Structure formats: structure tokens, C-alpha cells
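This one's a predicted model, so the numbers in the text were calculated from it and none came from an experiment.
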Amino acid sequence: MEAVYSKRHPVNFYLQLILPLSLGFGAGIFFIVMGITKKNAPDANGREDIPILFGAIFIFITVYFIYRFIKNTPSIILNDNSIAFGNAQYLTTDIDTIEYTGKHAFKGWNIKQEGMKISFRNGESLCIFDNLYSNGHIMKQHIQFMLNPEEKCFRPIKINRVESETFGTFVTYRGLLLLNFAY
């Protein structure tokens, strides 16, 4: 069976990554520039370092957020007998338990999201969050089939897009309107 590669959701993953990045860095740079301009002003009173400190804190929190977000959502590769989470690789024989649904903690934050939790015999547990991967359902089916190949379950399939032969745009409502006004 061929390998299944994770695909990050274009809206849920990248939007959750870009919005805090732009807002955090934007606020941090704004506070730093505001502090520097007040510090260079002739009526400076010595309290101009506070906005610079706030700007540095905003940038630090943003970098930490991005780091934890990427660490919690690595690229996942599922082979016949192994699961690769980022750089770490685990054998399917090392899997202890699997929870296919449930709210699981996002490491580093007190946020729980819906997903699949895989616990290994060495005590590690990894989560595949449903809303951050666009093919999370296929990864769940693949893992279920890898662990129970003889059990009656859905086997993951790769769907190839089939182009159907039609008469083009003239069969649609807009096409008929266009054809009506063309003559």
C-alpha cells in the first residue's frame, strides 16, 4: 500500500498561523517604534523604555506561539509499518492505544481540540488534529487499516478526478442565456 502524506488545511492551518504572526509582529514593531520616537523626542522623561519592553514581549510571545504551533502540527507520513511525525519515526507495532475521536490538549497551551490521539508503549502520545489537516479522515482510515487489515473497515483509497464529457457551457442555464443573446 502506498504512503499517505499529511496535507495541512489551507484555511484552518495557515490562517491560524498568519494572523497571529502579523498581529504580534505588527504590535511589537509598533510599540518599539513608538518607544524609540518618544525616546528621541526633546521632552523625554525617562519612561520611554516601557513601550520598547512591551514590543519585545509581543515579539517573543509571537515567536513562541509560532514555534509551539508548528511543533504541534508536524508533517505526517504513514507507511505500511511506520508513522513519521516530523523527524521522529515510530513503528506501528509500538502503538499502545488509539483514540480516534476526542478533545486533546494542544501541547504548550491550555487549548483542547478535536482529533486522534496515538499513544505509544514508550509513554509518548501524539495527536492528529482534525481541523488542521485537510486529509485527517484519510489518515485515520489508513491507521485503522494498518492495524487491522483483515477487519472489515474502510480501506483508504486515492480518488482520481475523472473528467466527464459534456456539451460545454451551452447546456447550463447561463450558457443557454448566452446562446439566446448571441443570435
- line: In this structure, CZ of Phe85 is separated from CG of Leu78 (nearest 0.5 Å) by 7.5 Å
message: Could you check whether any side-chain heavy atom of Gln141 comes within less than 4.5 Å of a side-chain heavy atom of Val4, counting everything from C-beta outward?
response: no
task: Test Ile83 against Ile95 for side-chain contact (heavy atoms from CB on, under 4.5 Å), laying out the working first.
output: CA-CA 10 Å; Ile83 301 171; Ile95 294 175; 3.7 Å; yes
- prompt: Rounded to the nearest 0.5 Å, how far apart are CD1 of Ile29 and CD1 of Ile36?
  reply: 10.5 Å
message: Less than 4.5 Å apart, side chain to side chain, heavy atoms only: is that true for Gln113 and Leu132?
response: yes
- line: Closest non-hydrogen contact found for Ser125 with Ser119 is CB-OG, 3.9 Å
query: With side chains defined as the heavy atoms from C-beta onward, is the minimum distance between Ile128 and Thr73 less than 4.5 Å?
result: no
field: Test side-chain contact (heavy atoms from CB on, under 4.5 Å) applied to Thr101 and Met116, step by step
entry: CA-CA 5 Å; Thr101 60; Met116 178 173 75; over 6 Å; no
Gap separating the CZ atom of Phe54 from the CE atom of Met34, nearest 0.5 angstrom: 9.5 Å
field: Ile32 side chain reached by Ile59 side chain, heavy atoms, under 4.5 Å
entry: yes
message: Within the 4.5 Å heavy-atom criterion, are Ser134 and Arg8 side-chain neighbours or not?
response: no
message: Just so I know, are the side chains of Leu21 and Leu17 near enough to count as touching, which here means a heavy-atom distance under 4.5 Å?
response: no
query: If every non-hydrogen atom of Met139 is compared with every non-hydrogen atom of Ser6, which pair is closest and at what distance?
result: SD-CB, 3.8 Å
query: For Asn122, does the CG atom have more than 12 heavy-atom neighbours from other residues, nucleotides or ligands under 6.0 Å away?
result: yes
message: For Asp49 and Lys39: C-alpha separation, side-chain torsions, deciding distance, then whether side-chain contact (heavy atoms from CB on, under 4.5 Å) applies.
response: CA-CA 8 Å; Asp49 294 335; Lys39 196 171 199 171; 2.9 Å; yes
message: Hydrophobic cluster membership, with links at side-chain heavy-atom distances under 4.5 Å among I/L/V/M/F/W/Y: are Tyr67 and Phe69 in one?
response: no
task: State whether the number of non-hydrogen atoms from other residues, nucleotides or ligands found under 6.0 Å of Phe30 atom CZ is greater than 12.
output: no
task: Working to the nearest 0.5 Å, report the span between NZ of Lys117 and CZ of Phe129.
output: 9.5 Å
- prompt: Counting only N and O atoms by type, is there a donor-acceptor contact under 3.5 Å from the side chain of Gln89 to the main-chain atoms of Ala84?
  reply: no
query: At what distance, to the nearest 0.5 angstrom, does OG1 of Thr62 lie from CD1 of Ile57?
result: 11.5 Å
field: Phe25-Phe60 co-clustered via ILVMFWY side chain contacts under 4.5 Å
entry: no
Expected output: side-chain Asn135 to main-chain Lys7 donor-acceptor under 3.5 Å: yes
query: Nearest heavy-atom pair of Gly86 and Pro74: which atoms, and what distance?
result: N-CB, 3.7 Å
Heavy atoms from other residues, nucleotides or ligands near CZ of Phe120 exceed 12 (cutoff 6.0 Å): yes
field: Cluster check Ile70, Leu23: I/L/V/M/F/W/Y, side chain < 4.5 angstrom
entry: no
- prompt: Can you tell me how far the NZ atom of Lys140 sits from the OH atom of Tyr100, to the nearest 0.5 Å?
  reply: 9.5 Å
- prompt: Do Phe13 and Tyr133 make the cut of ring centroids closer than 6.0 angstrom?
  reply: no
task: Indicate the ring-plane relationship of Phe58 and Phe31, choosing parallel, tilted or perpendicular according to the 30° and 60° boundaries.
output: parallel
Heavy-atom side-chain proximity of Ile52 to Ile50 below 4.5 angstrom: no
message: Ignoring hydrogens and geometry beyond distance, is a side-chain donor-acceptor pair present between Glu124 and Tyr90 at under 3.5 Å?
response: yes
